Participant: 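This is the structure I have questions about; it appears just below.
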Amino acid sequence: MTGTRQLDVPDEQVPDEQVPDEQVPDDQVPGDPVPALSRNHDRRIPRHDRRDFAPRRSRYAVVVPVLNEGERLRAQLRRMHDHGHGLDVLIADGGSTDGSLADEFLAANGVRSVLVKRGPGRLSAQLRMAFAAALDDGYHGVVTVDGNGKDGVEAIGRFRDRLDAGYDYVQGSRFVPGGVAVNTPWSRYLGIRLLHAPMLSAGARTWYTDTTNGFRGHSARLLADPRVGVFRDVFDAYELLAYLPVRAARLGLRVCEVPVTRAYPAGAVPTKIKGWSGNLDLLAVAARAATGRYDPVPDQASGGRPAELRPAAGSG
């Protein structure tokens with residue numbers, strides 16, 4: 001594609017390193033300090049409850065957004081725990097009612113915290129909730145992975161390593177060398193390869209291959225940057241997934257892709273995107289992200305700070 005840059009794709013995975021089973025003080029975590037973003041910063045975060053089972057122990061957090069994923073989530077959390085990736089796990093729950101998030105099970109399988117959204121919004125609202133919690137807790141970055149059991153969690157270490165190397169946005173891809181796509185529905189494959197990824201790549205001026213994939217890495221620098229403006233109510237459903245790869249690249253931040261596995265089970269596809277209308281909505285969101293419709297608008301009266309980030313009565 002003319003005018004785009006090719007992303008870096010690491011040739012091989014660096015072996016995972018175990019993190020000691022103790023909290024890591026902020027002043028002992030190597031690298032740049034976490035960008036300041038306190039609870040008093042201008043942010044729109046949905047109302048939520050939080051349950052903690054352990055102190056912070058790692059430099060980065062893994063955020064798992066879920067909504068009634070049942071045994072798919074439980075099996076994934078067992079795999080993540082057995083894999084020993086060494087990162088704290090935060091569950092971002094959209095209000096599950098299926099009993100899959102019992103405290104005893106979560107604590108036994110390495111989950112550090114559960115955040116349960118009580119306010120309005122869907123996936124992007126869950127992510128705003130979790131990103132804010134991660135920044136407040138002092139994490140230097142966040143890896144996100146869906147909780148429906150489709151992703152190869154052994155790749156978590158690749159995202160950690162790319163964040164350690166200074167990348168700000170790391171996109172997981174089943175379509176780069178080393179990636180694996182299993183049972184991907186043809187409609188989904190064609191939609192990603194022919195429409196969604198080219199559209200966002202054009203907007204980003206950077207070539208991406210798997211832009212609907214929620215397996216990603218984000219630096220704290222990216223999440224706290226007011227030029228990005230993650231904590232706005234405009235991000236409700238799938239908007240953040242389309243917006244962040246475009247905005248990160250357009251701002252000149254360091255972006256890359258890493259190979260991952262995404263395996264669909266035979267039969268019914270576990271997805272929250274339903275039918276033609278859901279897929280058309282996804283493409284409409286991608287078009288808005290590619291054309292800058294979600295970019296913060298500078299407000300000269302506030303010294304150039306994005307207008308959407310100013311406090312508003314009744315927000316939250």
Side-chain angles (χ1 to χ4, degrees), residues 37 39 43-54 56-58 60-70 72-77 79-81 85 87-103 105-107 109-151 153 156 159 163 169-170 172 212-220 222-224 230-244 270-273 316:
L37 191 69
R39 287 183 175 85
R43 303 186 296 186
R44 304 293 182 88
I45 304 167
R47 299 187 312 276
H48 62 278
D49 301 327
R50 176 170 179 168
R51 309 193 303 273
D52 294 317
F53 310 115
R56 174 185 164 221
R57 297 190 179 101
S58 60
Y60 307 112
V62 178
V63 165
V64 185
V66 300
L67 179 61
N68 291 325
E69 296 295 352
R72 291 190 296 267
L73 170 65
R74 288 186 162 225
Q76 175 175 319
L77 291 176
R79 291 197 307 274
M80 291 170 64
H81 186 56
H85 50 76
L87 303 185
D88 292 343
V89 177
L90 311 181
I91 302 292
D93 179 35
S96 297
T97 57
D98 61 358
S100 60
L101 299 176
D103 289 358
F105 171 82
L106 297 177
N109 284 277
V111 174
R112 184 206 162 199
S113 303
V114 177
L115 296 96
V116 181
K117 184 177 65 64
R118 303 300 185 189
R122 296 188 287 165
L123 176 60
S124 287
Q126 291 168 245
L127 292 176
R128 284 188 282 127
M129 170 183 73
F131 288 157
L135 291 174
D136 288 342
D137 287 356
Y139 290 104
H140 286 236
V142 173
V143 177
T144 56
V145 58
D146 293 345
N148 53 22
K150 292 185 293 191
D151 295 295
V153 296
I156 288 173
F159 293 89
L163 292 172
Y169 178 80
V170 185
T212 65
N213 198 327
F215 208 168
R216 302 168 171 205
H218 317 75
S219 72
L222 169 68
L223 297 178
V230 165
F231 301 104
R232 291 177 282 143
D233 285 337
V234 68
F235 302 124
D236 176 83
Y238 294 99
E239 295 87 0
L240 270 178
L241 271 66
Y243 170 70
L244 284 174
T271 180
K272 298 293 189 295
I273 304 170

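Because only heavy atoms are used, hydrogens play no part in the values below, and waters and symmetry mates are left out as well, while side chains stay in. What you are looking at is a predicted structure, and each value in this text was computed from that prediction instead of being measured. Position 1 is the first residue of the sequence, and the numbers go up from there.
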Participant: Decide salt bridge (charged side-chain N to carboxylate O under 4.0 Å, His left out) for D146 and R72; before the verdict, give the C-alpha distance in whole Å, the side-chain angles of both, and the deciding distance to 0.1 Å.
Facilitator: CA-CA 10 Å; D146 293 345; R72 291 190 296 267; over 6 Å; no
Participant: Calculate, to the nearest 0.5 Å, the distance between atoms OH and CG belonging to Y238 and L123 respectively.
Facilitator: 6.0 Å
Participant: Which residues satisfy the side-chain hydrogen bond (donor to acceptor under 3.5 Å, both in side chains) test with S96, sequence neighbours excluded?
Facilitator: D93
Participant: When I91 is tested against each of V63, L115, V111, V116 for side-chain contact (heavy atoms from CB on, under 4.5 Å), which residue passes?
Facilitator: V111
Participant: Say you draw a straight line from CG of L135 to CZ of F231; how long is it, rounded to the nearest 0.5 Å?
Facilitator: 5.0 Å
Participant: Are the charged groups of R44 and D233 less than 4.0 angstrom apart, N to O?
Facilitator: yes
Participant: List the residues meeting side chain to side chain contact (heavy atoms under 4.5 Å, CB included) with A107, not counting sequence neighbours, and say none if there are none.
Facilitator: F53
Participant: side-chain hydrogen bond (donor to acceptor under 3.5 Å, both in side chains) with N109: which residues, sequence neighbours excluded?
Facilitator: none
Participant: If you look at every heavy atom in A133 and R50, which pair is closest and at what distance?
Facilitator: CB-NH1, 3.7 Å
Participant: Tell me, with the steps shown, if D136 and R43 meet salt bridge (charged side-chain N to carboxylate O under 4.0 Å, His left out).
Facilitator: CA-CA 12 Å; D136 288 342; R43 303 186 296 186; 3.1 Å; yes
Participant: S219: which residues meet the side-chain hydrogen bond (donor to acceptor under 3.5 Å, both in side chains) condition with it, sequence neighbours left out?
Facilitator: D168
Participant: Among all residues two or more places apart in sequence or in another chain, which pass the salt bridge (charged side-chain N to carboxylate O under 4.0 Å, His left out) test with D103?
Facilitator: R51
Participant: Tell me the closest heavy-atom pair linking A132 and I45, and the distance in Å.
Facilitator: CB-CD1, 3.4 Å
Participant: How would you list, by chain and number, every residue that makes a side-chain hydrogen bond (donor to acceptor under 3.5 Å, both in side chains) with Y169, sequence neighbours excluded?
Facilitator: Q171, R216
Participant: State the CZ-NE2 distance between R128 and H48, to the nearest 0.5 angstrom.
Facilitator: 11.5 Å
Participant: With sequence neighbours left out, write down each residue that passes salt bridge (charged side-chain N to carboxylate O under 4.0 Å, His left out) with D88, or none if nothing qualifies.
Facilitator: none
Participant: Can a donor-acceptor pair be found, under 3.5 Å and without considering hydrogens, that links the side chain of Q76 to the backbone of R74?
Facilitator: no
Participant: Go through the structure and list residues passing side chain to side chain contact (heavy atoms under 4.5 Å, CB included) with T212, not counting sequence neighbours.
Facilitator: R174, I192, H196, D210, L282
Participant: Could you check whether any side-chain N or O of D98 sits under 3.5 Å from a backbone N or O of S100, counting only pairs where one atom can act as donor and the other as acceptor?
Facilitator: yes
Participant: Would you say S113 and D52 are linked by a side-chain donor-acceptor pair, where the criterion is simply a distance under 3.5 Å?
Facilitator: yes
Participant: For F131, check ring pair (Phe, Tyr, Trp, His ring centres under 6.0 Å) against everything at least two apart and list the hits.
Facilitator: H218
